[in-house]
Amino acid sequence: MGRRELVLLTDHSSTEGSRDVLVAAARAVTGRAPVLLDARHFMTGGGGRIRPDDEGGLRLEADGRSVAADAVVVYEIPPHRRRDFAPFQRLLGAHGARSLGTDVQAWRAATEKDLTVARFTRDGVAHMPTVSLSRPSPRAAAEAFDRLGGDVWARPCVGMGGDDVFHVTTHAQLASAARHYEHDGADWLIARDARNFTPDGRRHQYRVVVLDGRVVRVVEHVQADPDAPCNESRGAVSAPLAAAELPRGLADLAIRAVACLGLPLAGVDLAAESGGVVFEVNVHPAFGRGALEQVAVPYVAAHLEPV
């Protein structure tokens, strides 16, 4: 039998940096580098192919290469590209690939935030009251805004990194947000503000990474600007915490949120205020300090465990 490879499949146009961390993790787990393939080859319109090989495994073919795969680690697929990647995910599953990235419905439920809210509502996962909007009339948007108390966060149904997210406290700001999403052709939603402030008035929330039903990493984000998202890319400061430092109940809440969506790995953004609420769940949480050992290594190792 020929040598089989651990394949790392990511979108090579992404500059997030998760790919480099996963390469290091693969070296730590297997003692050698993974084979890197660009996920764009396997999206709609790409030339990548998957087929069974003569030894009962599978082979990935792209960009003039043919690789016999032992396991396929899928990561760093930007939200706006995931629908184009979905047909290949189904093929990975149909070919019995050893991969944690084949569940199309779980990815979609986490990526499209209106679907996330629907799942949370169905399963009783605590979240702030939310209204989904699809090209609403000015009156419909204003009525939803007033119903939520006139202090909300607006965000696109599909987005990342805190982009196109607005704190809205006036009808003028609401109208501006509506024009922004209409220009982009984006569905959006508004959620009541969670009042997640530190005693000195800064915003704060937690990112809890869950793998296989257990918390593996906790980071606290603190944002000096109360009107900006708690993302590092928007100026928030992050500090790793021990799981025991999470406010009571948040670990269980994060685990339930991930299970509700059916993901093996996810990063959950949540706050202790308002009784403990989940803001969103990230399919591919970005890595940071300490994440190699805490997240990337066990995630890669999970692909190689006996089935």
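Excluded from the calculations below are hydrogen atoms, water molecules and symmetry mates; all remaining heavy atoms, backbone and side chain alike, are included.
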Problem set entry | Check: F145 ring centre within less than 6.0 Å of H171 ring centre | yes
Exercise. So, F287 versus Y299, ring centres under 6.0 angstrom or not?
Worked result: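 No, the ring of F287 stays outside the 6.0 Å limit from the ring of Y299, centre to centre.
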For this session: Could you tell me which residues satisfy side-chain contact (heavy atoms from CB on, under 4.5 Å) with A178, sequence neighbours excluded, listed by chain and number?
Result: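 By the side-chain contact (heavy atoms from CB on, under 4.5 Å) rule, A178 matches W188.
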If you measure only the distance, is there a donor-acceptor pair under 3.5 Å linking the side chains of [X] and [Y]?
| X | Y | value |
| --- | --- | --- |
| D70 | H303 | no |
| D11 | S13 | yes |
| D164 | H180 | yes |
| H204 | E220 | yes |
| T169 | Q173 | yes |
| T102 | Q89 | no |

Can we say [X] and [Y] salt-bridge, meaning some charged N sits less than 4.0 Å from an Asp/Glu carboxylate O?
| X | Y | result |
| --- | --- | --- |
| E5 | R32 | yes |
| R202 | D225 | no |
| E143 | R139 | yes |
| K113 | E280 | yes |

For this session: Among residues two or more places apart or on two chains, list those pairs meeting side chain to side chain donor-acceptor pair (under 3.5 Å) that have a residue in residues 152-162.
Result: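 Found W153-D193.
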Do any N or O atoms from the side chain of [X] and from the backbone of [Y] form a donor-acceptor pair under 3.5 angstrom?
| X | Y | answer |
| --- | --- | --- |
| Q205 | V278 | no |
| R82 | I77 | yes |
| D103 | Q105 | yes |

